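Data first, discussion second: the structure below is written as structure tokens.
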Amino acid sequence: MTRKQRRLYFVLLGMLALGAATALVLTAINDTLVYFYSPTDIKAKHVGTDRRLRVGGLVEQGSVVKQGEIVRFVVTDLTTTLPVTFKGVLPDLFREGQGVVAEGKMDGAGTFQASEVLAKHDEKYMPKEVTEALKQSGRWQEEEGKK
Amino acid sequence: MTRLSEIIRRDLRLALRQGSDSIMVVTFFVLTVVLFPFGLGPETNLLERTSAGILWVTALLASMLSLDRLFLADYEDGSLELLALTPTALELLVIGKVVAHWLTTGLPLIVAAPVLAVLLQMNGDGFATLVLTMLLGTPTLSLIGAIGAALVLGARRGGVLLSLLVLPLYVPVLIFGVGAIDAAVQDLPSKAQLLVLGGMLLAALPLAPWAAAAALRQALE
Amino acid sequence: MHRFANPARFLRLAAAIQPWTAAATVLLIGAGLYFGLIASPADYQQGQTVRIMYVHVPSAWLGMACYSTMAIASAMALIWKHPLADLIGKSAAPIGAAFTFLCLVTGSLWGKPMWGTWWAWDARLTSMLILFFLYLGYMALANAFDDPTRGAKASAVLALAGFVNVPVIKFSVDWWNTLHQPASVTKIGMPSIDPSMLLPLLLMGVGFTTFFVTVLLVRVRSEIMASKIRAIRLMQIHSTPGAVASGEVVG
Amino acid sequence: MTEGWPSSSFSADGLACVRGERVVFAQLDFQLASGEALLLLGPNGSGKSSLLRLLAGLLKPAAGRLSWNGAAVADDREVHAARIHYVGHHDAIKPVLTVLENLRFWARLHDPDSGDEAARMALERFGLWRLHEVPGKLLSAGQKRRLNLSRLLGAPAPVWLLDEPSVALDKASVKTLEAVIAEHRARGGMVILSTHADVDLPGAQALHLDRFAPAPAAAVEAWI
Amino acid sequence: MSSLATYFSMGGYASYVWTSYALTAVVMVGLAVSTWRGMKARESELKVLQDLTPGRRGRSKDTQG
């Protein structure tokens, strides 16, 4: 084998490794890597009470109940719902119908005890008047499903 | 290929006769991990939950500890010039040195990790995944580290600089290493994370020696 | 004598462009501030805090654009050995670091009222933070050698290694955690952002970019002069034998 | 080893070297044929070491070209590396390896087929065979230098690039080195050598590097 | 005046909005000033050196240009 051939061989080997690396990563992505779970995932997995995890979804319309410092609301992914309790100050962006990520644990009664609630805002930016005009003309579409 | 084995044998022999490096790395690993229960309190739940993270972060720091020696000794005594003048690809020699480095530092870490996992009360389901992630992850650390080690040759305060350069690049390995173990402990599939770790190793295998060899040539100019 | 391109041509070009970019910067940012702070409405959900976007988003753009500039300059420096490319890389780094820092801080100031936290270990935030560390590493490495050309070459290799790694880091933290909203302006044709808000954002974005170009040009000029100074010093050392001994070189 | 090297030529054409941001030398030419030697002369900083590193391939010339039998050396770095031996200022000796291990490593790296016999002959030639099991850390400066020089014989290469090889050597060892160089040239090898002390190279060409130093203004001009 | 006060209060988010803008201004102006100063310092240093170096007079227009 001449040096030129050997170099070509090395380059091909390197390309092969890179190709295989890409293939592996793509397979992994297809295996769905998720970080926070939807209420459906949680129902399906029967998560234990000792594990901290994150739940993401939308705050269900009309579900927010405030009792002093304690807030109760329901997170939905439009198929399954999960009741959440949280004690603390909510972010200003926390609204019904908006995306939310809660971190905490499940309790024995099937309620999610959040120790932290983060609002997830969408990529829409517009003045109030415009959204109202859109709503009146019926072209306004509420956020559907979770992000 | 004989040259590759020649340089691996020589570096292993050097490590064996000089001794200290492997033992120091493992000692650092063990000592630092043992510090965590003191810092976090002996609460079993907390230790169990954080064990994957603690082990991986500490292993990462430990493998970085010996990194600045990777090329420095050869650089200082003129061996590196002669290595660069060997009638073969410098990239191949870099691979040889990285292999030797991994055998003397990465492998002992992998052996020590399960023992420490027991001390940290890690769920038994995670042990196999822990070893597997470290088998896939620590060679990647050595490979990426080789780039950093080659870059800081001749720099002022090279050792500190090295950690600044290399640690940000270690983040992906850390994320997927810990992610895989956490998933395994929770009885979730960890295949995806392991695939990504393998992918990163495969990508680093050609790219890192190439970049490190380029850096070495710069250092010798 | 050898194939070094003439930096004098660059200096002439820079001098010609510079007043225009500087003027454009003042005008664009001035207009951007007017539209951003006064003439644009508040957001339907985020209220007045949306105005932070007009400095936050352009900072983020520039933080990433500077790194790309550095990586491209580094590749050119390594392939064609053009000394000007080294200087561009070295000059761009502090600007990029400054804007990445701004992006992180203004993001934090925006996140506190809106998300309810100063800092979240979210994908975007974390990858920006790592980008900031990459900048710090680059600058530290570029200045860690006694011979500035060696520093330039080493940091060029680092910039490229980092450039390969940035998508990997991005991908890994994306998987790791996600909270930040997707980009608003990338959907060509139908930005989900109202024109009244898009205008100040774009004005500021372009203004920040011309600011970057202006500062970069001045910094490169400065670096060219610095290397001239070193060259003259070196010439004095080597052309006057014994000068080193009598200590008269250090001027 | 016994048969000679094929007749070849090694030449430089318009070579320029920039170190840091300074032009060290420019427009440097030389031509060397089999059996010839080139002696590099010049004051400190005139670029003798830089030229040797450049010839070895450790440095890239800022301009000009190096050729071997008319073909550019830069085309194939590995082929060029196979035909040179470079002895620099550092001795590249590992303190924990024995003399023989040190030499054998470099010999086998240069030529994987090189045998123990060649290593033994090389060490004997430089008077180090009786120390072959002694670790490198116990060697004196002169012994280290001799060990480094014995690489020249451990694996053969036609071109020797020697940067002040006589440093730390006693008179007898310098004589040995001269004899080894003479034999190498007799077999058709080439030697390029820089020295302050006297190494006797009969019939060597001399290259005065200070004559290739650029005018002071030009040195700066390159950067302006 | 009260409309101005409402304007500066930024719907209650004054501290966040104004801090963001102030910080951006400080960093950008600081970057511009330090860059400009560094350039001027090197320019004058180079001038001094070139005036000291024989045969280099009259070339300083390059550096200004």
Side-chain angles (χ1 to χ4, degrees), chain B residues 53 137 140 143-180 182-183 192-193 195-197 199-204 206-221, chain C residues 67 71 74-75 77-79 81 86 89 93 97 100 121-123 125-178:
Chain B
T140 317
L143 283 164
I144 296 175
I147 307 177
L151 283 175
V152 300
L153 288 178
R156 294 182 294 263
R157 294 187 301 281
V160 188
L161 186 58
L162 180 63
S163 53
L164 186 59
L165 304 187
V166 161
L167 281 180
L169 303 182
Y170 276 178
V171 170
V173 179
L174 176 67
I175 288 176
F176 287 100
V178 176
D182 274 345
Q193 288 91 325
L195 282 177
V196 175
L197 276 178
M200 288 194 289
L201 174 58
L202 275 179
L207 291 179
W210 179 55
L216 287 180
R217 285 196 200 102
Q218 312 278 12
L220 290 172
E221 270 205 11
Chain C
Y67 200 86
S74 299
L78 288 176
I79 297 168
K81 312 253 183 270
D86 275 335
T100 311
W121 289 100
D122 147 80
L125 277 69
T126 313
S127 48
M128 253 351 225
L129 184 66
I130 296 172
L131 184 67
F132 184 59
F133 291 146
L134 287 177
Y135 274 121
L136 293 188
Y138 179 94
M139 292 193 290
L141 187 64
N143 295 314
F145 296 93
D146 296 326
D147 172 7
T149 48
R150 164 93 177 91
K153 281 172 181 162
S155 53
V157 174
L158 178 71
L160 286 180
F163 198 56
V164 175
N165 247 282
V166 164
V168 181
I169 292 168
K170 183 76 185 69
F171 161 69
S172 62
V173 292
D174 259 344
W175 167 81
W176 180 53
N177 198 346
T178 175

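We use all heavy atoms of the structure for the numbers below, so side chains are in, but hydrogens, waters and symmetry mates are not. Reminder, nothing fancy here: chain letters follow the sequence lines and each chain counts from 1. The shown structure was predicted, so the numbers you read here are calculated from the model rather than taken from an experiment.
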Self-check item: Residue that, paired with B:Leu169, satisfies side chain to side chain contact (heavy atoms under 4.5 Å, CB included) out of C:Ile130, C:Asn165, C:Val168
Solution: C:Asn165

Please classify the contact between [X] and chain B as side chain, backbone, both or neither, with a heavy-atom cut-off of under 4.5 Å.
{"X": "C:Val164", "result": "side chain"}
{"X": "C:Asn143", "result": "backbone"}
{"X": "C:Leu78", "result": "side chain"}

Exercise. Flag yes if more than 12 heavy atoms outside B:Arg156 fall under 6.0 Å of its CZ atom; otherwise flag no.
Key: yes

Quiz item: Do you know which of C:Ser155, C:Gly137, C:Ala144 has the most heavy-atom pairs under 4.5 Å to chain B?
Solution: C:Ala144

Exercise. Taking all heavy atoms of C:Leu136 and all of B:Leu164, pick out the closest pair and write down the distance.
Key: O-CD2, 4.0 Å

Practice problem: Mind listing the closest non-hydrogen atom pair of C:Val157 and B:Ala215 along with its distance? | Solution: CG1-CB, 4.3 Å

Side chain, backbone, both or neither of [X] within contact of chain C (heavy atoms, under 4.5 Å):
{"X": "B:Leu207", "result": "side chain"}
{"X": "B:Ala150", "result": "backbone"}
{"X": "B:Leu161", "result": "side chain"}

Quiz item: Could you give the distance from CG (C:Leu134) to CG (B:Leu167), rounded to the nearest 0.5 Å?
Solution: 11.0 Å

Self-check item: C:Arg150 side-chain N/O to B:Ala155 backbone N/O, donor-acceptor pair under 3.5 Å
Solution: no

Quiz prompt | Best-contacting candidate, B:Gly154, B:Pro172, B:Ser163, against chain C by heavy atom pairs under 4.5 angstrom | solution = B:Pro172

